[in-house]
Amino acid sequence: MASEPAPLATRSRSLVAWFARHARTFPWRENRTPYRVWIAETMLQQTRAATVVPYFETWMTRFPDLEALAQAPRSDVLATWQGLGYYRRARALHEAAVHLVRDHGGTFPTTETGWRALPGIGSYTAAAILAFAQGERTLAIDGNVRRVAARLLAHPAPKDAEIREALLPLLPRRQPERGTEALIELGATVCTPRQPRCPACPLAPACQAHQQDAVLAYPAPRARRTPPTRNRYALVHLRDDEILLERRPDEGLLGGLWGFPQTETLPTGRALPALRHAYTHFTLHLTPIVTPETPSALTDATRWTPVHQLESLPLSNVDRRVLDLLDQEGLLASTS
DNA sequence: AAGGCGGGGGC
DNA sequence: GCCCCAGCCTT
């Protein structure tokens with residue numbers, strides 16, 4: 001007969017000790033003000049920590065506090081976010097900053113309800129801020145913690161309420177946020193999706209999946225379908241050292257970023273090699289067309305842009321790739 | 001409950 | 001290639 005796994009509460013000290021020894025160093029783990037934690041946790045949404053580091057450093061130089069962010073033009077905010085993805089997050093940060101300065105005396109919320117009323121802050125981020133910036137005893141449930149919980153409980157898909165009930169006893173009495181962060185760190189570095197390192201895990205004695213030798217069976221894999229392909233053309237209008245760019249609508253894909261106008265039907269002009277770009281829900285096949293035609297409709301969102309201004313403009317990665325292609329073809333009459 | 005929303009690291 | 005990442009929001 002198999003022995004019972006140890007109760008989770010008995011592993012609290014081990015978890016905290018493991019974290020004290022193995023925690024990675026990140027800039028947002030220093031000087032934990034509400035502003036810094038808010039920015040970091042927003043950047044970390046669906047984004048690997050290592051990717052976030054340089055963006056966080058640049059952001060803090062450019063927008064060191066709430067007032068600086070509130071006063072910044074939105075295009076500067078987007079340009080700083082460029083390449084990080086999910087650009088709605090940048091808009092939400094800016095909108096929240098303007099709101100807090102204008103209507104809230106430049107002070108931050110202190111309650112979960114207050115934080116969650118801000119755009120871009122959901123269940124995870126609110127809990128993370130309460131824990132890391134305010135020291136509250138709360139569990140921040142992200143993808144890491146979900147996976148750790150699924151394995152500890154040998155449950156295919158535990159709900160947040162079940163995770164809270166089961167894992168709250170792991171938080172230490174003093175500075176409970178150490179336990180909250182340790183669970184996230186554990187999922188990111190030990191209890192990983194593909195190659196978990198169970199021998200190094202401080203919770204292994206309490207892990208039901210480990211005891212059943214079925215760690216990889218939890219959590220249950222998500223149903224997934226291959227995203228469809230969209231064929232588009234990127235219109236490349238060149239005029240001396242200027243390029244015609246279009247600003248995308250605020251809402252939707254790459255909202256607020258600039259880029260080459262795209263069409264579904266083949267325009268006249270010279271085709272460059274197509275490039276493939278994978279988004280979450282579709283794969284883009286983009287063929288740049290260098291067209292001699294005069295652009296038909298110049299709208300407010302359309303602008304002839306000097307090549308030397310391209311650096312400071314928020315552009316998506318796919319549009320950067322088109323630019324690289326033009327450069328390789330020698331089509332960017334560089335003034336250098 | 002499901003799908004839109006980026007980009008990249010790691011296998 | 002595929003999976004998933006310190007998720008949020010709308011429908």
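Computation of the quantities below employed the complete heavy-atom set of this structure, encompassing side-chain atoms and omitting hydrogens, waters and symmetry-equivalent molecules. All chains are named by letter (A, B, ...) in the order of the sequence lines, taking the proteins before the strands, and each is independently numbered beginning at 1. This structure is a prediction, so every number in the text was calculated from the model and none was measured.
Residue-level contact check: Ser123(A) touches the backbone only, with heavy atoms under 4.0 Å from sugar-phosphate atoms and none from bases. No contact: Gly187(A) has no heavy atom under 4.0 Å from any strand. Nucleic acid contact class of Arg225(A) (heavy atoms, under 4.0 Å, all strands): none.
Across Leu331(A), Val236(A), Ile289(A), Thr291(A), a single residue satisfies side-chain contact (heavy atoms from CB on, under 4.5 Å) together with Arg270(A), and that is Leu331(A).
Ring to ring, His277(A) and Tyr279(A) are close: their centroids are under 6.0 angstrom apart.
Residue Ile39(A) contributes atom CD1, which lies 15 Å from atom C1' of dA6(C) at whole-angstrom precision. For the pair Phe26(A) CZ and dC5(C) C1', the interatomic distance rounds to 12 Å; values are reported in whole Å. The CZ atom of Arg276(A) sits 6 Å away from the P atom of dG1(C) (whole-angstrom rounding). Computed from coordinates, the Met43(A) CE to dG8(B) C1' distance equals 16 Å when rounded to whole Å. Atom pair Arg222(A):CZ and dG7(C):P shows a separation of 11 Å (rounding to whole Å applied). Rounded to an integer number of Å, the gap from Trp81(A) CH2 to dC5(B) C1' is 13 Å. Taking atom CH2 on Trp28(A) and atom P on dA6(C), their separation rounds to 10 Å, with Å as the unit. Straight-line distance from the CD atom of Glu251(A) to the C1' atom of dG3(B): 16 Å, rounded to whole Å.
Under a cut-off of 6.0 angstrom, the local environment of CZ in Arg239(A) is crowded, with over 12 non-hydrogen atoms contributed by other residues, nucleotides or ligands.
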Considering only nitrogen or oxygen atoms on both sides, find all protein atoms under 3.5 Å from nucleotides 9-11 of chain B and state each distance.
unit_1: dG9(B); atom_1: N2; unit_2: Arg48(A); atom_2: NH2; d: 3.3

List every contact pair, protein side and nucleotides 9-11 of chain C side both N or O, where the distance is under 3.5 Å.
unit_1: dC9(C); atom_1: OP1; unit_2: Gly120(A); atom_2: N; d: 2.5

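At least one test fails for Arg248(A) against the ring of Trp258(A): distance under 6.0 Å to the centre or angle within 45° of the axis. In this structure, Arg32(A) is positioned above the aromatic face of Phe132(A), its NZ or CZ under 6.0 Å from the six-membered ring centre and within 45° of the axis.
Val307(A) places none of its side-chain heavy atoms less than 4.5 Å from the side chain of Glu242(A). Between Pro288(A) and Leu326(A), the closest side-chain pair of non-hydrogen atoms is not below 4.5 Å. In this structure the side chain of Arg232(A) reaches within 4.5 angstrom of the side chain of Leu284(A), judged on heavy atoms.
Among the duplex regions that DNA chain B forms, those built from at least three successive Watson-Crick or G-U pairs under 3.5 Å are B:1-5 with C:7-11, B:7-11 with C:1-5, ordered by first number.
With hydrogens and angles ignored, no donor-acceptor pair closer than 3.5 Å exists between the side chain of Thr280(A) and the base of dG4(B). Counting atom types as modelled, Thr47(A) pairs a side-chain N or O with a base atom of dG6(B) as donor and acceptor under 3.5 Å.
Straight-line distance between the C1' atoms of dG6(B) and dC3(C): roughly 15 Å, to the nearest whole Å. dC8(C) and dG9(B) have their P atoms separated by 23 Å, with the value rounded to a whole Å.
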**OP:** Check the pair Thr110(A), Gln134(A) against side chain to side chain donor-acceptor pair (under 3.5 Å), reporting the backbone distance first and the verdict last.
**Re:** CA-CA 8 Å; Thr110(A) 55; Gln134(A) 303 181 200; 5.7 Å; no

**OP:** Would you please test Glu311(A) and Arg320(A) for salt bridge (Lys or Arg N to Asp or Glu O under 4.0 Å) and show each step?
**Re:** CA-CA 10 Å; Glu311(A) 300 174 25; Arg320(A) 291 281 172 201; over 6 Å; no

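Ring geometry for Trp115(A) versus Phe108(A): interplanar angle under 30°, hence parallel rather than tilted (30 to 60°). Note on ring orientation: taking the six-membered ring where Trp is involved, the planes of Phe26(A) and Trp28(A) are parallel (angle under 30°, cut-offs 30° and 60°).
Nearest-nucleotide positions on DNA chain B for Asn317(A) and His281(A) put His281(A) closer to the 5' end.
Closest approach to the Arg224(A) side chain among dC3(C), dA6(C), dC8(C) is made by dC3(C) (side chain taken as heavy atoms from C-beta onward). Considering only side-chain atoms of Tyr86(A), the nucleotide from dC5(B), dA6(C), dC5(C) that sits closest is dC5(B).
Residue His277(A) places at least one side-chain N or O closer than 4.0 Å to OP1 or OP2 of dG7(B). Within the 4.0 Å cut-off from OP1 or OP2 of dG7(C), not a single side-chain nitrogen or oxygen of Gln45(A) is found.
Panel note: side chain Arg276(A), backbone Thr283(A); no donor-acceptor pair is recorded below 3.5 Å.
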